[in-house]
Amino acid sequence: MTALIDSASSRCGPLTDGRKYCLKIPGALGGVYGGDNLGTAPHIELVRFSGDIAHQIEMLPDGEQIRLRVMD
C-alpha cells in the first residue's frame with residue numbers, strides 16, 4: 001500500500017484536512033489500483049459509500065455483474 005499511497009500523493013497532491021486518498025471506482029467493483037482511478041474524497045463520504053456498497057453486494061457471488069446507479 002505504501003507504493004499506492006506514494007502514487008496517489010504524486011497524482012493528487014497532499015491531503016487537506018478531512019480528506020483521504022481513494023479509488024474512484026472501488027476495487028470490489030472492478031476499479032484498478034492506480035493511475036487515473038486514484039483520487040481524494042472526504043473521509044466521512046468514503047465510509048458511508050463503502051458501507052452502502054458493501055451492504056448492497058454482500059450476498060452476490062464473486063464475479064457477478066452489477067449495474068452501478070449513482071443518485072443524488
Side-chain angles (χ1 to χ4, degrees):
M1 282 303 191
T2 302
L4 189 58
I5 293 169
D6 291 343
S7 181
S9 178
S10 293
R11 282 185 163 271
C12 305
L15 292 171
T16 57
D17 211 24
R19 295 185 73 84
K20 302 293 178 192
Y21 296 120
C22 64
L23 298 176
K24 294 175 184 177
I25 300 173
L29 301 180
V32 298
Y33 285 81
D36 290 336
N37 198 35
L38 297 173
T40 68
H43 182 239
I44 190 68
E45 286 183 27
L46 288 172
V47 172
R48 287 180 180 149
F49 177 75
S50 297
D52 186 44
I53 292 294
H55 179 70
Q56 291 184 53
I57 67 173
E58 68 183 334
M59 301 303 281
L60 296 177
D62 288 348
E64 182 75 19
Q65 287 191 352
I66 64 167
R67 180 177 298 153
L68 180 64
R69 291 186 347 183
V70 179
M71 301 167 42
D72 283 332

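Cys12 approaches Gly39 most closely through the heavy-atom pair SG-CA, 3.7 Å. Contact between Leu23 and Leu38 at its shortest, heavy atoms only, is CD2-CD2, 3.7 Å.
Ser7 contributes no side-chain N or O that, together with a main-chain N or O of Ala3, makes up a donor-acceptor pair within less than 3.5 Å.
Under the salt bridge (Lys or Arg N to Asp or Glu O under 4.0 Å) criterion, Arg11 pairs with Asp36, sequence neighbours left out.
In the hydrophobic clustering of this structure, Ile25 groups with Ile66; members are Ile, Leu, Val, Met, Phe, Trp, Tyr whose side-chain heavy atoms approach within less than 4.5 Å, directly or through other members.
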Show the atom names and distances, to 0.1 Å, of all donor-acceptor pairs under 3.5 Å that link a side chain in residues 45-59 to residues at least two apart or in another chain.
from	atom 1	to	atom 2	distance (Å)
Ser50	OG	Leu46	O	2.8
Asp52	OD1	Gln56	NE2	3.3
Asp52	OD2	Gln56	NE2	2.9

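A side chain to side chain donor-acceptor pair (under 3.5 Å) check over residues 17-31, counting only residues at least two apart or in different chains, returns the pairs Arg19-Thr40.
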